[in-house]
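Below is one structure. I have some questions about it.
Residue numbers count from 1 along this sequence.
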Amino acid sequence: TISDKDKLELGRKKVLMAQKSVYDFARLFFHHLLKEQVPPAHLEVYDILPKHNFLAIEAFRGFAKTTLGMILYPMWHSLFKRTGDIALISMSESFVLNEIARKIKSEFESNEILRYHFGDLTTSKWSESYFVLKNGIAFESCGIGGQLRGGRRGLIALDDLEDEDSAISEEQRDKLKRRISKELIPKLVKNGQIIYFGTPVHNLCYLHQIIQTPNNGWEKRVYPAYKDKIQEEGNEQWSLFDHKRLQGIKAQLGTTYFS
């Protein structure tokens, strides 16, 4: 049997590993959210997430970008980086509340491993759109058209802010650009971070503009469904999505969403 002292030491080492690595945080505390096989592209995303103040990632639908960038990383940030409150923003308010904020809350409420090592972090401020941890970090969620509370943010996480209709509208693209550059980025604390995840919906979409513009201050990554965009069997980005399945998605969604 393991003594209480050894248990405490193992727990301390576990938390220290999680603090140093977002991937270790994910696999040690959230194995139920991970697939059995972690693709190299995911490992790269886990590695770069804490390293860049402005990070834009374009990935095919099904890449699990919401799980990585909007659920796991903000939780890691709230426990270890703690530079300020966290804003979670998607195109749809119902999506960010039901598929992101609610899942984060559920982990803090009922993840036994997380609660064993970090304690009960829930507080009396615990609504769907706004909740505060006992360490003082607040999570706020809204649609891209919604308004955030006052104050600065340590992390602003953006997820799929455009659809095809908004992407082909110059007026809507300019509105989104102003929202991000004139309203959201100025809300960051010094050395705060903004991360923008999205699926390419059109060549004109604002995320694609950020990705394609050199020397604009953003660190960028693009993860197509196939490595090097060569659509051949055996060249899939992630074995969970084999060639036949990817071609089915392409036929259903179209080339732009797929790539």
* Asked: Which pairs, with at least one residue in residues 185-207 and sequence neighbours excluded, count as a salt bridge (Lys or Arg N to Asp or Glu O under 4.0 Å)?
  -> none

* Can you find a heavy atom in the side chain of S141 that is under 4.5 Å from one in the side chain of I89? -> no

* State, with a plain yes or no, whether a side-chain heavy atom of L148 is found less than 4.5 Å away from one of C142. =>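 Contact flag for L148/C142 side chains = yes.
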
* Asked: Is there a donor-acceptor contact under 3.5 Å from the side chain of S78 to the main chain of M75?
  -> yes

* Give a yes or no on whether K134 atom NZ has more than 12 heavy-atom contacts from other residues, nucleotides or ligands under 6.0 Å away. => yes

* To do: Taking only Lys NZ, Arg NE, NH1 and NH2, and the carboxylate oxygens of Asp or Glu, determine whether E183 and R178 approach each other closer than 4.0 Å.
  =>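 Salt bridge: no.
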
* Within the side chain of R153, is there an N or O that forms a donor-acceptor pair under 3.5 Å with the backbone of V189? -> no

* **Expected output: side-chain D24 to main-chain A18 donor-acceptor under 3.5 Å** =>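 Judged by distance alone, no pair lies under 3.5 Å.
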
* Sidechain N-carboxylate O distance under 4.0 Å for E99, K103 ->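 A salt bridge is present here (some side-chain N lies under 4.0 Å from a carboxylate O).
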
* Inter-residue atom distance E170.CD - K177.NZ, 0.5 Å rounding ->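 Going from the CD atom of E170 to the NZ atom of K177 covers 10.5 Å.
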
* To do: With K14 as the cation and F29 as the aromatic partner, state whether NZ or CZ is under 6.0 Å from the six-membered ring centre and within 45° of the axis.
  => yes

* Asked: Between CG of N203 and CD1 of I168, what distance do you get to the nearest 0.5 Å?
  ->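 One finds 12.0 Å between CG of N203 and CD1 of I168.
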
* Is a donor on one side and an acceptor on the other found under 3.5 Å between the side chain of H42 and the backbone of F63? ->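 Such a contact is found between H42 side chain and F63 backbone.
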
* Distance-only, no hydrogens or angles: does the R179 side chain make a donor-acceptor pair with backbone N or O of G145 under 3.5 Å? ->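 Not at all, since once roles are kept as given, no pair shorter than 3.5 Å links the two residues.
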
* Is the NZ or CZ atom of R149 positioned over Y130's six-membered ring, under 6.0 angstrom from the centre and within 45° of the axis? -> yes

* Going hydrophobic residue to hydrophobic residue with side-chain gaps under 4.5 angstrom, can you get from F25 over to L16? -> no

* Using a strict 4.0 Å threshold on nitrogen-to-oxygen distance, state whether R12 and E9 make a salt bridge. =>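 Looking at R12 and E9, the cut-off is met.
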
* Interatomic distance, Y73 atom OH to L49 atom CG [nearest 0.5 angstrom] -> 6.0 Å

* Any luck finding a side-chain donor-acceptor pair between W76 and Q19 under 3.5 Å? ->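 Judged by distance alone, the side chains do not pair up.
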
* So, D47 and K51, do they make that salt bridge, N to O below 4.0 Å? ->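 Result for this pair is yes, salt bridge flagged.
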
* Does any donor atom in the side chain of E107 or H32 lie under 3.5 Å from an acceptor atom in the other side chain? ->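 Looking only at side-chain atoms, H32 and E107 do form a donor-acceptor pair, the distance falling under 3.5 Å.
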
* Ignoring hydrogens and angles, tell me if any N or O in the side chain of S21 forms a donor-acceptor pair with the backbone of M17 under 3.5 Å. => no

* Could you tell me whether the side chain of S166 and the main chain of E162 form a donor-acceptor pair under 3.5 Å? =>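 Here the side-chain-to-backbone pair does not exist.
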
* To do: In plain terms, say whether K65 and D159 are close enough for a salt bridge, that is, a side-chain N and a carboxylate O under 4.0 Å apart.
  =>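 Answer for the salt bridge query: no.
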
Show me the donor-acceptor pairs within less than 3.5 Å that the side chains of residues 204-213 make with the rest of the protein, sequence neighbours left out.
from: H208; atom 1: ND1; to: E58; atom 2: OE1; distance (Å): 3.4
from: H208; atom 1: ND1; to: E58; atom 2: OE2; distance (Å): 3.0
from: Q209; atom 1: NE2; to: L204; atom 2: O; distance (Å): 3.1
from: T213; atom 1: OG1; to: Q209; atom 2: O; distance (Å): 2.6

* Quick check: does any side chain N or O of T83 sit under 3.5 Å from a backbone N or O of G192, one acting as donor and the other as acceptor? ->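 Here the side-chain-to-backbone pair does not exist.
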
* Flag for Y23-E44: side-chain donor and acceptor within less than 3.5 Å ->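 No, no side-chain donor-acceptor pair sits under 3.5 Å.
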
* Output field: ring centroids F80/F118 closer than 6.0 Å -> yes

* Donor-acceptor contact below 3.5 Å, side chain N111 vs main chain F30 ->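 Not confirmed, N111 side chain does not pair with F30 backbone.
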
* Asked: Is it true that a side-chain atom of Q193 and a backbone atom of H52 form a donor plus acceptor pair closer than 3.5 Å?
  -> yes

* Asked: Does one side chain, of S90 or S92, offer a donor that lies under 3.5 Å from an acceptor on the other?
  ->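 Absent: no donor and acceptor within the cut-off.
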
